[in-house]
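Below is one structure, written out as C-alpha cells, with a few remarks after it.
As the structure is a computational prediction, the values presented were derived from the model and not from experiment. Along the sequence shown, the residues carry numbers beginning at 1. Note that these values count all heavy atoms, side chains included, but never hydrogens, waters or copies made by symmetry.
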Amino acid sequence: MSYATRTRGAWSVDTPVSGYSVSARDCKLAIFAVGEKLVVEWLNPLFSILGKVTYVGLARCGQSYKIANQITIGAKLVGLSEGLVFAKRAGLDLKEFVRGWCLQSVRGWI
C-alpha cells in the first residue's frame with residue numbers, strides 16, 4: 001500500500017495499536033507507527049491524542065513489531081504464572097507477592 005500511495009502522490013502510515021478498551025478510553029494506547037519518518041513526526045500531534053507513538057520503521061514492519069510485542073507480553077505472563085506457583089508452594093502470602101511484583105514492574109520493563 002505504501003508504494004501505491006506514493007505513486008499517486010500521497011503518503012500512507014500504518015499504525016497498529018496495543019492496549020485494552022480502558023487504554024483507548026483513557027487515550028493511553030501504544031501506537032506503533034510505520035512509514036516515512038517525517039510523515040509520522042508530522043502526524044505525531046494527532047497520535048499523541050490517542051496515546052504514545054513509537055516510530056518502528058518503514059512499510060511492512062508494523063504488524064511484525066506488534067506480534068513481537070505480544071510475544072514479549074505473553075512471556076512475561078508465563079513468568080508471572082511460574083512465580084505465583086513458586087510463591088504459593090514456598091508458603092508466601094500471594095496477595096503481598098502480587099502487590100510487590102506490581103510495584104516493582106512499574107519501575108522497569110520486566
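Closest heavy-atom contact between Arg8 and Ala4: NH1-O, 3.0 Å.
Here Glu96 pairs with Arg99 under the side chain to side chain donor-acceptor pair (under 3.5 Å) rule; sequence neighbours left out. Legend: residues meeting side-chain contact (heavy atoms from CB on, under 4.5 Å) with Val98, ordered by chain and number and at least two apart, are Leu84, Cys102. Every side chain to side chain donor-acceptor pair (under 3.5 Å) that Gln70 has, sequence neighbours left out, goes to Ser18.
In this structure, Asp26 contributes its side chain and Lys28 its backbone to no donor-acceptor pair below 3.5 Å. Counting only distance, with no hydrogens or angles, the side chain of Ser64 and the backbone of Cys61 share no donor-acceptor pair below 3.5 Å. Here the side chain of Tyr55 pairs no donor or acceptor atom with the backbone of Phe32 at under 3.5 angstrom. A donor-acceptor contact shorter than 3.5 Å is absent between the side chain of Lys88 and the backbone of Leu94.
When hydrophobic clusters are built by joining Ile, Leu, Val, Met, Phe, Trp and Tyr residues whose side-chain heavy atoms come closer than 4.5 Å, directly or via intermediates, Phe47 is grouped together with Val39. Cluster annotation: Ile67 is not connected to Val56 through the hydrophobic network of ILVMFWY side chains, with a link wherever side-chain heavy atoms come within less than 4.5 Å. Both Val13 and Leu58 are assigned to one and the same hydrophobic cluster, defined by single-linkage of ILVMFWY side chains at heavy-atom distances under 4.5 Å.
Summarising the geometry, atom CG belonging to Leu29 is positioned 12.5 Å from atom CD1 belonging to Ile49; distances are rounded to the nearest 0.5 Å. The OG1 atom of Thr15 sits 10.0 Å away from atom NZ of Lys66, with the distance rounded to the nearest 0.5 Å. The OG1 atom of Thr5 sits 9.5 Å away from the CD atom of Glu36 when rounded to the nearest 0.5 Å.
Counting heavy atoms from C-beta outward, Leu50 and Ile31 have side chains that approach closer than 4.5 Å. No side-chain heavy atom of Tyr65 sits under 4.5 Å from any side-chain heavy atom of Val34. Between Asp14 and Pro16 the shortest side-chain heavy-atom distance falls below 4.5 Å.
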